[in-house]
Amino acid sequence: MTSYFIRRFLLIIPTFFGITLITFLILQIVPGGPLEMEIMKIRMGGNKGGTESGSGGNSTQNIPQSAVEELTKFYGFDKPIQERYVIWVTNLLKLDLGKSYVYAEPVSDVIVSRFPVSIYFGLIGFILTYLICVPLGVYKAVKNGSTFDFISSALVFIGYAIPGFAFGALMLVLLGGGSFFDVFPLGGFRSSDFESLSFFGKIADQINHTILPVVSYLIGSFATLTILTKNSVIENLSQDYIRTAFSKGLSEKRVIFGHALRNSLIPISTGLGHAISLVLAGSVLIEKVFNINGIGLLSFDSIVQRDYPVVMGILVISTLLLLVGNIISDIIYALVDPRIRFK
Amino acid sequence: MRQKTRMEKKKLFEIKNIRTYFFVEATDKQISDDNIKQDPRLKELYESDKYLKGKVPAKAVDDVSFNIYEGEVLGIVGESGSGKSVTAYSITRLIPDPPGKIVSGEVIYKGKDLLKLSFDEMKEYRGKEIAMIFQEPMTSLNPVMKIGDQIMEVILNHEDINKEDAFKKATKMLELVGIPSPEKRMKDYPHQFSGGMRQRVMIAMALSCHPALLIADEPTTALDVTIQAQIIELMLKLKKEREEAAILLITHNLGVVAETCDRVIVMYGGKIQEIADVNALFESPFHPYTEGLLSSLPNPDKPKTKLRAIPGIIPHILELPKGCKFATRCEKVFEKCWETEPDLIEKEDKHFVRCHLFS
């Protein structure tokens with residue numbers, strides 16, 4: 001089994017280069033790169049200054065050729081694309097992700113500065129989904145066909161059907177102090193006066209800022225896990241070994257939790273491997289609605305602003321986390337199910 | 001001689017008028033509302049349970065009564081779908097509900113009707129007084145639980161014992177059922193055992209509390225022929241640990257019946273068709289169905305004769321004839337068979353049969 005996992009780890013290398021190469025190529029071939037954006041910026045600035053002269057138009061002629069060349073060199077576009085990729089990879093191996101075009105800071109600093117927000121929301125969301133969905137799924141399985149089962153299924157699927165950002169916006173209108181009730185703040189990760197608050201004030205402030213975004217993050221994520229748990233438990237409850245367990249004189253509780261649940265958790269626990277991707281958790285739209293500076297917003301903005309180093313930096317981290325997460329999932333799978341032996 | 005010894009034996013279990021129905025969706029052709037209305041008990045059930053609406057009862061076990069005597073091995077034989085397993089599960093109340101329901105009947109053990117007990121009262125009997133071995137050893141053990149833990153679970157559940165002693169006892173049981181290096185195997189998972197070994201584990205588990213009744217539901221069907229005899233022998237050997245203990249052996253293997261059983265019940269269409277001592281049954285079967293079963297066995301005294309199979313198959317449970325359930329396949333069927341169902345009568349001493357030929 002060890003050799004299986006060593007092979008899996010080695011496989012990360014080609015996969016990783018495949019993913020980064022394709023993304024690198026697409027990203028840089030697509031028109032409207034940072035160079036063009038820079039030129040446009042200068043031109044628009046020039047337009048503002050030069051309205052009297054009446055010049056402008058849509059040519060780049062009013063920018064000196066030497067300046068364009070300098071910019072090209074600055075962004076490294078004077079070299080062919082394959083050479084650029086090799087340079088990027090070489091730097092990557094030296095753990096240098098480059099500098100952000102927009103923030104003029106090292107990419108790693110830019111990304112890491114967003115980690116706390118993402119981990120905070122990601123972890124809360126992750127724990128809450130499992131804490132709610134697994135017991136709910138088990139209970140629904142035991143009470144299959146009851147009114148409770150029916151209503152909870154309906155709620156869970158309604159939640160699944162509502163886009164999180166729309167729900168967030170609705171909640172802000174309702175509870176964000178605008179038109180109706182003033183219960184929660186309009187957004188942000190913390191209040192601006194956070195540092196001056198007392199210890200409990202800080203906690204209260206943080207919770208206050210957390211509830212709406214977390215609910216919006218989660219509203220769609222209950223359905224999958226709840227129904228997966230429910231179906232898994234139902235399937236296991238009809239297995240022969242459950243009949244054996246009952247014939248041993250065990251209590252219903254012991255049969256469900258000691259026998260059925262443990263088997264039902266096998267498909268569920270495999271998802272745990274991807275918990276390490278939590279550091280990159282985030283949703284652009286919800287972060288936008290609640291004005292939270294998370295990874296989701298960063299990656300979106302970087303793509304829009306053609307901040308190649310940051311885009312590639314996030315890609316590197318998310319790819320590695322995903323690939324390692326897959327392997328961790330396999331390890332967990334082998335741990336919880338004694339029948340699984342990878343070769 | 002044999003009958004005399006049994007006469008002295010006391011009843012261990014009395015099973016009276018068990019009716020176990022499965023409520024299923026039916027096609028229009030099969031729905032017979034009159035049937036439901038005729039039976040006041042069913043009518044009541046239908047009125048009290050919304051779930052049953054639009055469903056019809058499939059009478060898997062219909063009015064089955066028999067006794068299990070102390071120390072005996074009682075066999076129930078019949079084809080698939082004859083109701084033998086459902087009868088056994090009704091005794092331990094392991095009928096999946098829904099769709100199944102024990103509509104009426106009594107299971108008397110030590111003066112108590114087990115069918116009237118609550119779930120919590122019933123679980124004191126399961127595993128301790130009535131234990132079961134199932135047909136499928138491959139799926140009857142929990143795949144993610146160590147063998148040892150699964151055996152210890154029964155012991156810890158029913159006995160006032162600490163974990164260490166339970167472990168020792170479970171190891172002892174594994175040794176008794178012939179599993180080599182039992183202490184080491186206690187820590188293994190079911191998938192590390194072969195089918196025969198797993199059935200041994202099931203037997204160890206079932207007998208670890210020395211139950212009064214061991215119900216073995218086709219315990220050898222899924223096993224290799226060479227293992228079958230070993231498993232049966234093992235059950236009989238371990239039964240001796242408790243003198244009054246009886247075995248209810250459900251099987252369609254008449255060879256196993258001849259080898260091991262004292263008495264035999266023949267079931268067809270959810271009803272008992274014949275009850276007899278094993279010798280009487282094999283020597284002079286009354287019921288045409290029993291005759292058919294026996295003549296489909298190879299006879300070593302008459303080699304090179306063709307085996308006679310019972311023609312046809314068991315009809316769908318909702319389409320059983322109104323009269324004798326076997327009428328559709330019986331060679332000796334006559335008019336009366338279609339109209340009224342014969343009663344189970346004692347034709348000879350301790351030899352009961354349900355057939356118009358004998359009434």
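Numbers restart at 1 for each chain; the letters A, B, ... are given by sequence-line order, proteins then strands.
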**Student:** Nearest 0.5 Å please: distance from the CD1 atom of Ile151(B) over to the CG atom of Leu174(B).
**Tutor:** 4.0 Å
**Student:** What part of Asn142(B) lies closer than 4.5 angstrom to a heavy atom of chain A: side chain, backbone, both or neither?
**Tutor:** both
**Student:** Could you tell me whether Phe115(A) atom CZ has more than 12 heavy atoms of other residues or ligands within 6.0 Å of it?
**Tutor:** yes
**Student:** Counting only heavy atoms closer than 4.5 Å, note whether Phe119(B) contacts chain A via side chain, backbone, both or neither.
**Tutor:** side chain
**Student:** Which of the residues Pro96(B), Gly127(B), Ser140(B) is involved in the greatest number of heavy-atom pairs with chain A at under 4.5 angstrom?
**Tutor:** Ser140(B)
**Student:** Counting the benzene-type ring for Trp, do Phe66(B) and Phe13(B) have ring centres under 6.0 Å apart?
**Tutor:** no
**Student:** Report which part of Gln150(B) has an atom under 4.5 Å of a heavy atom belonging to chain A: side chain, backbone, both, or neither.
**Tutor:** both
**Student:** Working note: Glu121(B) + Lys112(B), criterion salt bridge (Lys or Arg N to Asp or Glu O under 4.0 Å); need CA distance, chi angles, decisive distance, verdict.
**Tutor:** CA-CA 11 Å; Glu121(B) 288 168 322; Lys112(B) 263 199 180 136; over 6 Å; no
**Student:** Determine whether the aromatic ring centres of Phe222(A) and Tyr160(A) lie less than 6.0 Å apart.
**Tutor:** no
**Student:** May I ask you to name which of Val144(B), Asn157(B), Val154(B) has the most heavy-atom pairs under 4.5 Å with chain A?
**Tutor:** Val144(B)
**Student:** Carefully, step by step, assess Lys140(A) and Thr226(A) under the rule side-chain hydrogen bond (donor to acceptor under 3.5 Å, both in side chains).
**Tutor:** CA-CA 9 Å; Lys140(A) 279 164 71 67; Thr226(A) 306; over 6 Å; no
**Student:** Which atoms of Thr139(B) come close to chain A, meaning under 4.5 Å heavy atom to heavy atom: side chain ones, backbone ones, both, or neither?
**Tutor:** both
**Student:** Measure the spacing between OH of Tyr189(B) and CD1 of Ile147(B) and express it to the nearest 0.5 Å.
**Tutor:** 10.5 Å
**Student:** Can you confirm whether Glu183(B) is buried at CD, in the sense that more than 12 heavy atoms of other residues, nucleotides or ligands lie under 6.0 Å from that atom?
**Tutor:** no
**Student:** For atom CZ of Phe5(A), decide whether the heavy atoms of other residues, nucleotides or ligands shown that lie under 6.0 angstrom number more than 12.
**Tutor:** yes
**Student:** Which bit of Met202(B) is near chain A, if near means a heavy-atom gap under 4.5 Å: side chain, backbone, both or neither?
**Tutor:** side chain
**Student:** Only pairs of heavy atoms separated by less than 4.5 Å count here; which of Glu252(A), Arg262(A), Gln239(A) has the most with chain B?
**Tutor:** Arg262(A)
**Student:** Can you say whether Ile242(A) sits under 4.5 Å from chain B via the side chain, the backbone, both, or neither, judging by heavy atoms?
**Tutor:** neither
**Student:** At a 4.5 Å cut-off on heavy atoms, which part of Met122(B) comes close to chain A: side chain, backbone, both, or neither?
**Tutor:** neither
**Student:** If you tally heavy-atom pairs under 4.5 Å against chain A, which of Gln192(B), Lys128(B), Met138(B), His158(B) wins?
**Tutor:** His158(B)
**Student:** Which bit of Leu94(B) comes within less than 4.5 Å of chain A, counting heavy atoms only: side chain, backbone, both or neither?
**Tutor:** side chain
**Student:** Side chain, backbone, both or neither: which part of Ile133(B) has an atom under 4.5 Å from a heavy atom of chain A?
**Tutor:** neither
**Student:** For the candidates Leu250(A), Asn236(A), Ile266(A), which exhibits the highest count of non-hydrogen atom pairs separated by less than 4.5 Å from chain B?
**Tutor:** Leu250(A)
